[in-house]
Amino acid sequence: MENKDKQNRKLWGGRFSSSTSSAMDDFNASIRFDCRMYKEDIEGSIAHAAMLGEQGIISDEDAKLIVKGLHGILADAEAGKIEWSVEAEDIHMNVETLLTERIGEAGKRLHTGRSRNDQVALDTRMYVRNAACKAAALLLEFRSTLVSVAHANLESVMPGYTHMQKAQPVTLAHHMMAYEQMMRRDTNKFMNAAFAAASSMPLGSGAIAGTTFPLNRMRVAELLRFTDISENSMDAVSDRDYILDAIYACSVLMMHLSRLCEEIVLWSTGEFGFVTLSDGYSTGSSMMPNKKNPDAAELVRGKTGRVYGDLTALLTCMKGLPLTYNKDLQEDKEALFDALDTVTACLTIVNSMMAEAAFNTERMAQAAEEGFTNATDAADYLVKKGLPFREAHEVIGRIVRDLTREGGGIASLPIERLREYSPLFNNDVYKIISVKMCVRRRNLPGGPAPDAVMKTLESAAKDILAMRKIIMICDGFVDSAPRE
Ligand code: ARG
């Protein structure tokens, strides 16, 4: 009898004769993590209740009581005054239980024409929309940092590598702007993919097959600032692709950050000496007094794995699920939250680490002088004098082979020596194959020449500005309380 009483306190207790075990309560409950969506949940309920009232499905008076009660709960939650209960299982039933405790009978009418299945589908979509804006905004900040490092280093020559071997000279600006391009696409993944995929309003789908109540779905969409309503109730309650889009955006972003961090780790070694990290973003060793370690960069590299884990976990969780809702789907949230938290922390740290890093441009320039980074330019020189490229390649290859034994660079050879390899060499070659010139002459769009990179700086600044407006609009749009 006592058991039955306890079970009856559950919102779904009617069908049960005795209570769930407390182990099951703990195992089943998601409130520990889905309480993060209290705002989305409450705003969704406010819109639903207001619409129920407008449609005459519940009385105006009840609708008003519910909306007022929900605003009260939201304010208390925001003030940290609410202790969520495991017994009430998840955020949806916590809010509803609390509402009924506070306003009585009317609270029990809130869930009319709604299921937790379409409710959670709504909350997570709203959460993704918000989170996509926040991540994209952080990305813009980091992109601005990359742009300013690039702006200050348009002429800072450094070696570019393929196979981790010196290849051709580039500039630090060009190298930084490569990452800016990646971050630009990542911003679009958050806004164009994740945000867009989360932009159809699922309420009205019920548990699986909609509802017989004459809900006004468009009205709810309007109140919650959705551009669209979902077109299939079964799809709406059972897919989580918009969450996967968000975690995928996080994963690719982490991969990009991780590559940058790997370079920072390498560049900060004594062997490279290209960068000195600020003390603020370095750490020491408990034993070796000499150490200054790039822990921030290493941790970002390390955390990339856990975000891939979040993506793999959810993809795998989804792959065997028959339509429609299955409780497995409750696993979506921790993966999403973890990926977002990790990206937020990493972007913030990398942004400051890069802003404060001191680039040793002299050392970079010196490194670009070594390793025959001008060999392609020397070959191209001969091509312009009429030699077929394959033969020019062979000539320069021979010079490099000999100099590897003798020491020195191509420009260290006097003109007579160069002519022994090819009579086409003239004194003008030295200017052409100077490392600075090698960079300056690579001025096609997309190339490393300062002029060409300047154009990408301009286009980046323009894109950042345009994107900032879009994000502000989207964020302001989705992040304000439902219209009344
Ligand atoms: N906590 C659940 C989740 O996150 C809410 C939906 C539960 N629906 C159900 N029919 N059990 O997925």
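For ligands, and for the atoms within them, numbers begin at 1 and follow the listed sequence. Source: prediction; values computed, not measured.
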Can you tell me if K292 has over 12 outside heavy atoms packed within less than 6.0 Å of its NZ? yes

For R259, is the CZ atom crowded, meaning more than 12 foreign heavy atoms sit under 6.0 Å from it?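 No, not enclosed.
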
How far is [atom] from its nearest protein heavy atom, and which residue and atom name does that atom have?
atom	value
atom 5 (C) of ligand 1	D90 OD2, 3.5 Å
atom 8 (N) of ligand 1	N117 OD1, 2.9 Å
atom 6 (C) of ligand 1	Y325 OH, 3.4 Å
atom 11 (N) of ligand 1	R116 NH2, 3.5 Å

F359 and W267 aromatic ring geometry - parallel, tilted or perpendicular at 30°/60° bounds: perpendicular

Determine, considering heavy atoms only, which of K327, Q330, K333 sits nearest to atom 1 (N) of ligand 1.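 Result: the heavy atom closest to atom 1 (N) of ligand 1 is in Q330.
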
When you check the gap from the basic side-chain N to the acidic O, do D341 and K303 get nearer than 4.0 Å?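 Result for this pair is no, no salt bridge flagged.
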
Run the numbers on R116 and Y325 for side-chain hydrogen bond (donor to acceptor under 3.5 Å, both in side chains), then give the verdict. CA-CA 10 Å; R116 275 185 298 154; Y325 181 85; over 6 Å; no

Against heavy atoms of S30, which atoms of ligand 1 measure under 4.0 Å? 1 (N)

Determine, for F226 and R125, whether the Lys NZ or Arg CZ falls below 6.0 Å from the six-membered ring centre while staying within 45 degrees of the axis. no

Would you please determine whether H92 falls within less than 4.0 Å of ligand 1 on a heavy-atom basis? yes

